[in-house]
Engineer: 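Below you'll find the structure I mean.
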Amino acid sequence: MNAYAPILVLGALGAAFAIFSVIAASLIGPKRYNRAKLEAYECGIEPTPTPAGGGRFPIKYYLTAMLFIVFDIEIVFLYPWAVTFDALGLFGLVEMLLFVVTVFVAYAYVWRRGGLEWD
């Protein structure tokens, strides 16, 4: 149990700070509400009604999400690999090379479909 005590203390401190910040912001912060502030935020664009079955999303939305997931997964696997690089030896190097090639294929797909063009 002594090994988990610092983790529990850190979690309790984090939760206490979060709760304190929310309460302090509600007490100290300005309270000037108007109709515009209470409306849903739509990035400055007036919301338009959507069809009954929902609207269709453009392909760029999915390509951007795919690009984020590709690089997020790559980082998640690269950190542990970098930490244990010496212990893995040649096997670890070959496996990471195959993984990076797979990630590059996904990156090339997003690039060819225009996911990196921000017009």
Side-chain angles (χ1 to χ4, degrees):
M1 187 63 178
N2 288 339
Y4 295 109
I7 296 172
L8 292 174
V9 169
L10 185 61
L13 282 173
F17 178 74
I19 292 169
F20 172 76
S21 297
V22 169
I23 292 171
S26 66
L27 294 175
I28 298 171
K31 294 167 185 60
R32 294 182 298 259
Y33 298 111
N34 58 29
R35 185 174 176 214
K37 279 191 176 183
L38 295 176
E39 288 184 7
Y41 182 65
E42 295 287 339
C43 299
I45 300 171
E46 291 295 324
T48 58
T50 57
R56 295 183 69 176
F57 288 101
I59 189 70
K60 284 195 173 282
Y61 172 80
Y62 296 107
L63 290 176
T64 304
M66 183 182 193
L67 191 66
F68 171 75
I69 289 171
V70 163
F71 286 111
D72 192 42
I73 290 172
E74 182 180 18
I75 293 301
V76 165
F77 284 120
L78 278 177
Y79 274 121
W81 174 76
V83 169
T84 61
F85 177 72
D86 290 337
L88 294 175
L90 184 62
F91 172 75
L93 182 63
V94 171
E95 289 298 319
M96 188 50 67
L97 185 68
L98 289 174
F99 176 70
V100 169
V101 167
T102 306
V103 167
F104 181 73
V105 168
Y107 174 72
Y109 174 76
V110 170
W111 188 5
R112 293 275 301 167
R113 294 290 295 191
L116 300 177
E117 297 171 8
W118 301 99
D119 358 82

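Since we're looking at a predicted model, the values are computed, not measured.
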Engineer: Can you measure from OH (Tyr79) to OG1 (Thr84) and round to the nearest 0.5 angstrom?
Structural biologist: 14.5 Å
Engineer: Same hydrophobic cluster for Leu27 and Phe17, using side-chain heavy-atom links shorter than 4.5 Å among ILVMFWY?
Structural biologist: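 Different clusters.
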Engineer: Starting from Val105, can I reach Ile75 by hopping between I/L/V/M/F/W/Y residues whose side chains sit under 4.5 Å apart?
Structural biologist: no
Engineer: Using the side chain to side chain contact (heavy atoms under 4.5 Å, CB included) rule, take Leu93 and Leu97 through it: C-alpha gap first, then chi angles, then the decisive distance, then the call.
Structural biologist: CA-CA 6 Å; Leu93 182 63; Leu97 185 68; 5.7 Å; no
Engineer: Would you give the length of the straight line joining atom CD1 of Ile69 to atom CE of Met66, rounded to the nearest 0.5 angstrom?
Structural biologist: 8.5 Å
Engineer: Can you name the side-chain contact (heavy atoms from CB on, under 4.5 Å) partners of Phe71, sequence neighbours left out?
Structural biologist: Leu67, Glu74, Tyr107
Engineer: Should Ile19 and Val9 be regarded as members of a common hydrophobic cluster, given that ILVMFWY residues are connected when their side-chain heavy atoms come within less than 4.5 Å of each other, either directly or indirectly?
Structural biologist: no
Engineer: Membership question, hydrophobic clusters at under 4.5 Å side-chain separation (ILVMFWY): are Leu90 and Phe85 in the same one?
Structural biologist: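 Looking at the clustering, Leu90 is in the same group as Phe85.
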Engineer: Looking at Trp81, I'd like to know if its CH2 atom is crowded, meaning that more than 12 non-hydrogen atoms belonging to other residues, nucleotides or ligands lie closer than 6.0 Å.
Structural biologist: yes
